[in-house]
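Below is one structure; the comments refer to it alone.
Reminder, nothing fancy here: chain letters follow the sequence lines and each chain counts from 1.
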Number of protein chains: 2
Amino acid sequence: MAQEKDATGAMEWRIKMADGSSESLAPTEARGCPGIAWLALKGLVVGLVMKVCDFLKKAWDLGHNEPRKVIHGVKVGMALTAVSLFYYMRPLYEGVGGNAMWAVMTVVVVFENTVGATLSKSINRICGTLLAGFLAIGIHWIADRSGKDFEPFIIGFSVFLLASAATFSRFIPSVKARFDYGAMIFILTFSLVSVSGYRVDELFDLATQRMLTIIIGTCLCIVITMIICPIWAGEQLHMLITGNMDKLANSLDGCVADYFNDSEGFAGSDKESDKKLLGYKCVLGSKATEESMANFARWEPAHGQFNFRHPWKQYLKIGASMRNCAYCIEALNGCVSSENEVSELTKKHISNIAIKVSSHSSMVIKELARTMKTMKKSSAMDLLVGEMNNAVLKLQEDLKSLPNLFINPKPLLQEPECPENNTTTKAEAEATALMDIIPLVTLASLLIEIVARVEGMVSAVEELAKLAEFKAVGAEKANQNQTSNKIVPNQSAHQRV
Amino acid sequence: MAQEKDATGAMEWRIKMADGSSESLAPTEARGCPGIAWLALKGLVVGLVMKVCDFLKKAWDLGHNEPRKVIHGVKVGMALTAVSLFYYMRPLYEGVGGNAMWAVMTVVVVFENTVGATLSKSINRICGTLLAGFLAIGIHWIADRSGKDFEPFIIGFSVFLLASAATFSRFIPSVKARFDYGAMIFILTFSLVSVSGYRVDELFDLATQRMLTIIIGTCLCIVITMIICPIWAGEQLHMLITGNMDKLANSLDGCVADYFNDSEGFAGSDKESDKKLLGYKCVLGSKATEESMANFARWEPAHGQFNFRHPWKQYLKIGASMRNCAYCIEALNGCVSSENEVSELTKKHISNIAIKVSSHSSMVIKELARTMKTMKKSSAMDLLVGEMNNAVLKLQEDLKSLPNLFINPKPLLQEPECPENNTTTKAEAEATALMDIIPLVTLASLLIEIVARVEGMVSAVEELAKLAEFKAVGAEKANQNQTSNKIVPNQSAHQRV
């Protein structure tokens, strides 16, 4: 009995500890059903509160990290409040009749995060409504002429036919990319107008009023989205691509440097290496975002550094070439982190040149990012690409001298004439040595492939420079750039160590 | 003069040829401005007609290849025609007043391609409307009590606050994935009801009618989408993943076999190799589709082989493991197709085992696809994985014996005791030999990495089998499977040759 008491006492204590509150609970056996129900309810409520807190915390973090999203929310609120003025101000209200509703709806549906998306939706909405409205009135006119009996059939059939065709057209890639929303609005307006035309006699008045409210709504959206803290899809795309380039350069650099430094006991902090990993992963997963942004960016007028007909499509090609490069970095990362251990000696043999290749490639990538950021042709680019290619040649040469290394273990200390060993032992040693250098050879070969893909990036950016007519920088500036470029690798090497 | 005539004649001829029509054109000099305008107009019209024809051809091809998309269009047409019955049938029309419009709008907006998407939008629409309606009526009641002067301010402020908050909430990932549309409908309904509440006195009646029409619209959509040729998001996701697995297996197989066969003069046809390339690229780019389908699939009821709570999230993990594998195949493909030439002898040395590793890995992937298709645990899996790992071990051993090969160029014809050559010549020969085997070593090392990633796929599918409670196949069936598996590589090898 005393033992039982002890046990319940212990349980009570444990519940208290788990709860974290000092509230005293009766022992479980004494409480029965209502007690358990109370506990369950309490658990449920606590769980719910925790979930809500967690959600709010996430929302707060998001708002804190990306204040533009909060601003967008405020902008939508402003636009909606402004549009509801139509209800409060009697003269305006009577001007558009009961159709002020359409202005509210337009604002809610059309107001998007970026200017391009808002413009695209606005234009789609207006064109879709206009086209469908005229078509519906035309068909209504024909149906009206053909007598009361045929009217419902003609209208019903036309609704069926056009709705089916327009819905199917939304699957066609070229329509989906640019006019998806317009096709939906076309179906909506056509069915609404042609069907309500059967009842409402003042069809034309209705159509004009509705059109007017939609135009008022879209104009309000466009003005607010372009004046208050505008978020341009084009600018976002530009920043995404240049940011991703920097990330790619850092992860390439970090990945190779980590491999050679780890063994020397210079492992970076976990956070840093995580950040490095995140780098190329961002590039891998950004295709969908890039495509939608490029789609929206073409609707945008000139803004900042960008003209109206900025070659946004080329950004997609640059993105694809970056992903190509990131695939290789992914494979490199996988091969490098596999368990095969390489002896320090062989590692050291190509570590310098491998780090040189990776840092030269990442310098080229960073220079590409700089070219895009400043929108000025880089005069240092050819030099940097040349240096990168030289480093690759050197790497290939060093690879050639690897066999020397494992036939004559200390090539620098002994003479080239190697002592005559037993052939079988030598062959065995060589076999282990080859197994030893496999990760190194793979790394080198992937690095060479990465360099080839970086060149793909260079030509994609060069095409952009041609299409967007980047200006060349002045000679002095170029020199400055070159010196600053030369300083970069040392700096970053210092930071890494 | 005769020469000039000749020149214009030649030009006329050329125009005729380019045009493809036999229509005779007057020489350019005789025509002047109206003639040029006519030509330009004609070019424009022809260009436009060509574009339209091209568009229609694309649409026809799409409809021909994917008849389900045409069926979806027809389904939407049917739903819209059905909903317009509300206008034609007087008793129904009077039941819901002028709000029948909302039923049309609901159908247009809610009817999506897959059942899951339609259900998700329907539930979002109903919940969003209900929540916003009640909230708007509550706030309207409070505003009504606080006097005529304060009313517009209270309503305006509440619209501003709630619209801003709801718009911002759409950026939070968990809301965006499941309740994005609901949040939009919430804003729409709240602004419409609270703003029109200022004018319309019978607010409650309006709200009920609108709710009723929305429910009618969504029910119609759900019934039509689930009865007529239903397209289930879950089934689509399942088919996408299993299809991608087969593609991955084929491209892995094809990529390695092509490399070793090409040199023997057995290049596959262009079309086939293109298809092979397309294989893993499909896997690389399917992340967004998989995610949206998994999101929709959770709303779907039990259908076909799938229960209501089928672990759709696990499909995303399987997809991620497949992409991991595809990244390596991409790198492999890049390294293999680079210009470094390998001598036939060294190539032959590991060609058999490398092809064996790749065909064993692709057999494992195909078995995974079969497991998922039949939804039955494969008894052959352990055996296949074992064989794959054995092949990897053999590959590693063969790599070890590669140095023997290039020290003793004909290891099978000569004795292991090698004649004593001049050391420097030997070293040189070895250097070239190492350069020679670099692509092979890279290929082997990437293959080993791919095998590791295939094992990641195996464990992801095994977890799915556990979560979805796949049944084990009978012993006889397993034996059958095993034998049929054994036949597969030979068959495919024949097809390739």
To the nearest 0.5 Å, what is the distance between [atom1] on [X] and [atom2] on [Y]?
X	Y	atom1	atom2	value
B:Thr442	A:Ile448	OG1	CD1	8.0 Å
A:Ile155	B:Thr81	CD1	OG1	12.0 Å
A:Thr189	B:Met105	OG1	CE	8.5 Å
B:Ile172	A:Trp60	CD1	CH2	12.5 Å
B:Ile71	A:Ser164	CD1	OG	12.0 Å

Side-chain touch A:Val74/B:Phe160, heavy atoms, less than 4.5 angstrom: yes
Min side-chain heavy-atom separation A:Phe168-B:Lys69 under 4.5 Å: yes
Most contacts with chain A, counted as non-hydrogen pairs under 4.5 angstrom, among B:His72, B:Met184, B:Lys75: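 Most heavy-atom pairs under 4.5 Å with chain A: B:His72.
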Check against side chain to side chain contact (heavy atoms under 4.5 Å, CB included), B:Glu66 and A:Phe171: CA-CA 10 Å; B:Glu66 296 178 67; A:Phe171 287 116; over 6 Å; no
Contacting region of B:Arg323 [heavy-atom separation from chain A under 4.5 Å]: neither
Region of B:Phe157 that comes under 4.5 Å of a non-hydrogen atom in chain A: neither
Least distance between heavy atoms, B:Ala288 atom then A:Ala288 atom: CB-CB, 4.3 Å
Atom NZ of A:Lys287: over 12 foreign heavy atoms under 6.0 Å: no
Atom group of [X] that falls short of 4.5 Å from chain B, counting heavy atoms:
X	result
A:Ser169	neither
A:Phe111	neither
A:Val107	neither

Top contributor to chain B contacts, counting heavy-atom pairs under 4.5 Å, from A:Leu162, A:Val109, A:Leu161, A:Asn113: A:Asn113
Contact leader toward chain B among A:Ala452, A:Ala163, A:Ser174, A:Ser191, where contacts are heavy-atom pairs under 4.5 Å: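 Of A:Ala452, A:Ala163, A:Ser174, A:Ser191, A:Ser191 has the most heavy-atom pairs under 4.5 Å with chain B.
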